[in-house]
Amino acid sequence: QVHLVESGGGSVQAGGSLRLSCAASGYTASTYCMGWFRQAPGKERGGVAIKDSSGRKTYADSGKGRFTISQDNAKNTLVLQMNSLEPEDTAVYYCVARRLPSCSVEYPDSWWTYWGQGTQVTVSS
């Protein structure tokens with residue numbers, strides 16, 4: 001019923017930028033919780049940036065000041081703009097969602113009910 005598809009990943013040098021997009025179907029992105037997780041090799045999945053139903057945004061400390069989450073209501077997409085990328089940002093990035101109004105980046109991966117297939121981001125030094 002709910003389908004999330006990420007795009008925009010790739011390989012960049014440290015200091016570069018990437019813009020990830022999540023296209024949602026069967027789900028109104030502006031109405032419920034939605035955001036981004038990531039998982040690097042050998043590490044657990046962790047939240048990157050989350051927005052709730054009111055548009056409130058929360059960010060992991062690692063991305064504050066560099067990452068920005070936004071939504072395009074006309075296209076029903078969620079965007080993660082990543083600037084000043086670092087090698088530590090290398091990971092598979094997942095779009096996540098849940099049909100509840102309140103959430104934050106501190107919520108664990110087990111809380112989220114819908115996941116995209118992921119898109120690879122590689123940052124070289």
Side-chain angles (χ1 to χ4, degrees):
Q1 183 177 354
V2 176
H3 188 50
L4 307 175
V5 179
E6 304 97 331
S7 62
S11 299
V12 297
Q13 294 182 337
S17 299
L18 283 174
R19 184 179 178 89
L20 307 183
S21 296
C22 174
S25 61
Y27 187 88
T28 303
S30 63
T31 305
Y32 301 103
C33 289
M34 198 168 178
W36 296 88
F37 267 66
R38 70 184 184 185
Q39 185 170 29
K43 296 183 178 180
E44 296 182 356
R45 288 179 295 188
V48 177
I50 301 294
K51 71 93 187 172
D52 65 11
S53 63
S54 71
R56 174 177 173 267
K57 304 168 184 178
T58 55
Y59 298 91
D61 289 341
S62 59
K64 288 181 179 178
R66 302 186 298 120
F67 295 178
T68 303
I69 192 172
S70 61
Q71 56 189 25
D72 185 336
N73 293 333
K75 298 181 179 179
N76 200 36
T77 60
L78 189 73
V79 173
L80 179 67
Q81 178 67 44
M82 304 187 294
N83 298 325
S84 301
L85 284 163
E86 305 168 352
E88 292 75 19
D89 297 317
T90 296
V92 176
Y93 285 70
Y94 299 92
C95 183
V96 299
R98 185 169 182 176
R99 280 192 161 96
L100 286 174
S102 300
C103 55
S104 80
V105 73
E106 297 181 354
Y107 284 33
D109 57 354
S110 60
W111 186 86
W112 300 88
T113 54
Y114 299 105
W115 291 74
Q117 83 286 354
T119 185
Q120 177 70 48
V121 170
T122 302
V123 184
S124 60
S125 60

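In summary, the side chains of T77 and D72 do not present any donor paired with an acceptor at a separation below 3.5 Å, with no hydrogens or angles considered. Between the side chains of R19 and S7, no donor-acceptor pair is found at a separation under 3.5 Å.
Contact detail for P87 and S124: the closest heavy-atom pair is CG-C, 4.5 Å. Nearest approach of G47 to A60, heavy atoms of both residues: O-CB, 3.3 Å. Shown here for A91 and A40, the closest heavy-atom pair between the two residues is CB-N, 3.8 Å. Between A49 and I69, the closest heavy-atom pair is O-CD1, 3.7 Å. Nearest heavy atom pair, residue G26 against residue R99, reads O-NH2, 2.7 Å. Scanning all heavy atoms of the two residues, the minimum distance from K51 to L78 falls at CG-CD1, 4.2 Å.
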query: Could you go step by step and tell me if M82 and S17 meet the side-chain contact (heavy atoms from CB on, under 4.5 Å) rule?
result: CA-CA 5 Å; M82 304 187 294; S17 299; over 6 Å; no

message: V79 vs L20, test: side-chain contact (heavy atoms from CB on, under 4.5 Å). Steps then yes/no.
response: CA-CA 6 Å; V79 173; L20 307 183; over 6 Å; no

field: CA sep, side-chain torsions, deciding dist, call: R38, S62, side-chain hydrogen bond (donor to acceptor under 3.5 Å, both in side chains)
entry: CA-CA 12 Å; R38 70 184 184 185; S62 59; 3.3 Å; yes

task: Could you give me the CA-CA distance, side-chain angles and deciding distance for V92 and V121, then say whether side-chain contact (heavy atoms from CB on, under 4.5 Å) is met?
output: CA-CA 6 Å; V92 176; V121 170; over 6 Å; no

task: Take C22 and M34 through the side-chain contact (heavy atoms from CB on, under 4.5 Å) test and state the conclusion after the steps.
output: CA-CA 10 Å; C22 174; M34 198 168 178; 3.6 Å; yes

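The residues D89 and R66 are annotated as salt-bridged, a charged nitrogen and a carboxylate oxygen being separated by less than 4.0 angstrom.
Side-chain atoms of S104 come within 3.5 Å of backbone atoms of E106 as a donor-acceptor pair (strictly under, hydrogens ignored). For the pair E6 (side chain) and T119 (backbone), a donor-acceptor distance under 3.5 Å is absent. A donor-acceptor distance shorter than 3.5 angstrom exists from the side chain of R98 to the backbone of W111, with no hydrogens or angles considered. Side-chain N or O atoms of S53 include one that pairs as donor or acceptor with a backbone N or O of P101 at under 3.5 Å. For N76 (side chain) and A24 (main-chain N/O), a donor-acceptor pair under 3.5 Å exists by modelled atom type.
The cationic group of R45 does not satisfy the cation-pi geometry with W112, failing either the under 6.0 Å distance to the six-membered ring centre or the 45° limit from the ring axis.
Looking at Y114 and V2, their side chains come closer than 4.5 Å, going by heavy atoms from C-beta outward. Here the side chains of D52 and Y32 are not in contact, with every heavy-atom distance at 4.5 Å or above. Proximity of T68 to L80: side-chain heavy atoms (C-beta onward) are nowhere separated by under 4.5 Å. In this structure, N83 and F67 have side chains that are not in contact, with every pair of non-hydrogen atoms separated by 4.5 Å or more. Contact of the Q120 side chain with the T90 side chain is registered, since non-hydrogen atoms from C-beta on lie closer than 4.5 Å. In this structure, the side chains of Y107 and T58 stay at 4.5 Å or more apart for every pair of heavy atoms. By the 4.5 Å heavy-atom criterion applied to side chains, D109 and V96 are not counted as neighbours. Between K57 and I50, the closest side-chain pair of non-hydrogen atoms is not below 4.5 Å.
Linking Ile, Leu, Val, Met, Phe, Trp and Tyr residues whenever their side-chain heavy atoms come within less than 4.5 Å leaves L4 and Y94 in two separate clusters. Note on V48 and Y59: same hydrophobic cluster, where clusters join Ile, Leu, Val, Met, Phe, Trp and Tyr whose side-chain heavy atoms are under 4.5 Å apart, directly or indirectly.
Every pair passing disulfide bond (SG atoms under 2.5 Å apart) that includes a residue from residues 31-69 is listed here, sequence neighbours excluded: C33-C103.
For Y93 and W36, the ring centers are positioned 6.0 Å apart or more.
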